[in-house]
Amino acid sequence: MTLATRQKWALPGSVTLLVAGVLASLATGDMRLSPAMIWAGITGTDELVSTVLWNIRLPRTLVAIEIGAALAASGVVMQAFFRNHLASPGLLGVSAGGSAGAVIAIGMGWAAWSYYLVPAAAVVGAMGATMAVVVLAKQGASTERLLLAGVALNALLGAVTSYVLSNFTLSYERNAQIIFWLLGGLEDRTWEHVMMAAPIALGAVLLWPLGRSMDLLSLGRNEAQSLGVDVKHLQRRMIILATVMTALATAVAGTVGFVGLVVPHIFRLLFGPEHQRLVPVSLIGGAAFVLFCDVFARSAGDLRLGIVTALVGGPFFLWMLRRAS
Amino acid sequence: MNALELKQVAVPDRLRSLDLTLATGQLVGLIGPNGSGKSTLLEVAAGLLPTAGSVAWRGRPLKEIPIVERGRLAAWVPQEAHFGFGFSVESVVGQGRFAHGDDGRGVAEALARFDLTALAKRPVNRLSGGERQRVMLARALVVDPKLHFWDEPLAALDVKHALEVLVLAQQLTRTGATVFMSLHDLRLAHCLDRVVVLDQGALRADGPPEDVLSGELLQAVFGVRLRTAPGMILELP
């Protein structure tokens, strides 16, 4: 299939994947649901199925869509910002920053004042990590420098998260909490979590029109500026959007790695690097990717979502590193 | 009206305070040893590097020209193009029309002019150094600007393409554009209307090439001895 044909199918293809992912996610769990049963649940003709769908499956599915879209889009933005294929919220420590912020808010008991202090603290934590990476690695930095900055931040912020959890959480809850924040997951997600991450949709809308300018920026700061892009303004918007979207995803699902690395890379290989196409396709495809990983996690006896994305993403990352060298 | 006016521009450790005015329709070469500040001066002139003093394009202070309008008025070609992503040649050249609303005008002609038509669909990160340089020049050409700032555009080019770029630059100046480019090959200086010589971040000489490029100057700035001897002259057919 030629690139032009593939490009034509990019959007319809990713939407189809998303629809399939949503159906699989609604159907999978302790109680397996057929399409007919899902319909009965949605229309309210079967009360039990309706309860399962509305209270458990639908919030979980929507949170999966939100975090998948957010992490994949953040990956696209960070790759354009740093002009490096390997930049992504997980590897650069931005997700870990979000986790640390959220965990501090929970540990200090701020969550009791307002549930929305958790995502706010995640945003602060992620922003701190982003600023640290920007200072340490700068735009156009070598892969080594970028990854080393990410390794250092991930280790530091992971230690902060573990320390806070081990000191502020009751011991019987402790291990489960640490695992949740460090490995990410979608268990017991409620409508509150869906609402908490809802600003991700606004982020996606704001990101959509930046695609063309991101094309120019990804070939160089001076190049973009000389062609009429307000680079300072664009970079500020990109970094704020990517960080806030990652932070919100982390606040509701913990650290889910590799989505921002794998999804944009596959779509760039399939459909070309133009961001006007890559941004929407990654938003939709990222959501589909997390849905399928979560369905697999549930089918394989409640594996952690973060473990599944790492099992897919880890080898993929190593393959990319080998290819890059 | 002057195309470019630099007044007391200076960049710490790279460029000492200097004034420079370029008239409209001139092909001006910027020469000097490695590290003499050529790229810095071009970036300052192109409005890409903050500087002390003032920069004006066509009589207007740069600060008063919105960034998107600058993208229509001037084109900048970097010394080396780094392409991390596999955009097609055609799409990178088309980026030159960004500030014109991405209308795609002149892209096919620019590709043809730089022998890139056959490479139009090829990813830019799989091109040779010279091909990449031609892509950047083609992109500058489609901007259709009044001012061109080219940083060593000939460095990676073979002799035919280098001569073609010089001919193009001369043609551009005849249509009222001004071309300010750095170069190393002084044997090509006879194509220029004017030569500006930088040395250790300071303006050393400025004028027509035949006046400026004396044996004394080359000895003082580059540490080489000038000897004219009959030799090979390469020209486009």
Side-chain angles (χ1 to χ4, degrees), chain A residues 2-7 75-87 139-143 146 209-235 264-265 267-279 320 323-324, chain B residues 39-40 42-50 57 62 65-102 121-125 132 135-136 139-140 142-145 147-151:
Chain A
T2 65
L3 180 64
T5 320
R6 287 202 302 270
Q7 286 174 344
V76 172
V77 172
M78 287 177 187
Q79 285 144 27
F81 185 94
F82 289 104
R83 297 168 58 199
N84 194 314
H85 285 106
L86 294 171
Q139 200 201 17
S142 68
T143 299
L146 200 61
L210 302 186
R212 183 61 177 157
S213 311
M214 277 160 61
D215 281 357
L216 276 71
L217 183 69
S218 63
L219 296 181
R221 197 178 188 282
N222 272 350
E223 281 86 337
Q225 177 97 13
S226 73
L227 291 170
V229 176
D230 188 341
V231 168
K232 255 191 200 160
H233 182 73
L234 172 69
Q235 283 187 319
H265 196 77
F267 286 143
R268 212 180 273 118
L269 281 178
L270 280 174
F271 308 125
E274 287 80 13
H275 289 88
Q276 276 163 311
R277 187 179 308 105
L278 192 61
V279 168
M320 277 177 72
R323 213 167 157 249
Chain B
S39 298
T40 305
L42 281 168
E43 282 180 32
V44 164
L48 299 173
L49 197 63
W57 291 354
L62 200 57
I65 308 177
I67 290 175
V68 68
E69 194 184 339
R70 292 187 207 174
R72 291 190 288 266
L73 282 175
W76 178 73
V77 173
Q79 192 173 349
E80 252 183 285
H82 298 283
F83 299 119
F85 297 93
F87 290 94
S88 68
V89 166
E90 187 178 45
S91 111
V92 172
V93 173
Q95 290 179 352
R97 297 303 290 176
F98 175 79
H100 298 269
D102 273 324
K121 304 284 179 204
R122 182 159 319 165
V124 279
N125 52 1
R132 284 204 297 267
V135 170
M136 298 313 279
R139 186 167 83 172
V142 304
V143 176
D144 192 19
L147 276 158
H148 285 272
F149 302 105
W150 298 349
D151 196 355

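Chain letters run A, B, ... following the sequence lines, proteins first, then strands; residues in each count from 1.
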Revision key, fill the gap. Nearest heavy-atom approach of B/F87 to A/P273 is N-CG, 3.5 Å
Check your understanding: For the atom pair OG (B/S88) and CG (A/L3), what is the distance rounded to the nearest 0.5 Å?
Key -> 8.5 Å
Point to revise | Segment of A/V231 engaging chain B (4.5 angstrom heavy-atom cut-off) | key: neither
Review point. Among B/I67, B/L73, B/L49, B/V77, which residue forms the greatest number of heavy-atom pairs with chain A at distances under 4.5 Å?
Key: B/I67
Exercise for review: Could you have a look at B/H82, B/E43, B/R139 and say which one has the most heavy-atom pairs with chain A under 4.5 angstrom?
Suggested key: B/R139
Practice item. Heavy-atom pairs under 4.5 Å with chain A are the metric here; pick the option from B/A75, B/A81, B/G86 that has the most. Key: B/G86
Review point. Quick one: what part of B/A74 sits under 4.5 Å from any heavy atom of chain A, side chain, backbone, both or neither?
Key: backbone
Check your understanding: What is the distance from atom CD of A/E223 to atom CZ of B/F83, rounded to the nearest 0.5 Å?
Key -> 7.5 Å
Review point. Taking atom OG of A/S226 and atom CZ of B/F149, what is their separation to the nearest 0.5 Å?
Key: 10.5 Å
Practice item. Considering non-hydrogen atoms only, spot the tightest contact between B/F85 and A/H85 and give its length. Key: CD2-NE2, 3.6 Å
Exercise for review: Taking all heavy atoms of B/A99 and all of A/L227, pick out the closest pair and write down the distance.
Suggested key: CB-O, 3.5 Å
Practice item. For residues A/Q225 and B/W76, determine if any side-chain heavy atom of one lies less than 4.5 Å from a side-chain heavy atom of the other. Key: no
Practice item. Would you indicate whether B/E80, at its atom CD, is surrounded by more than 12 heavy atoms from other residues, nucleotides or ligands within a distance under 6.0 Å? Key: no
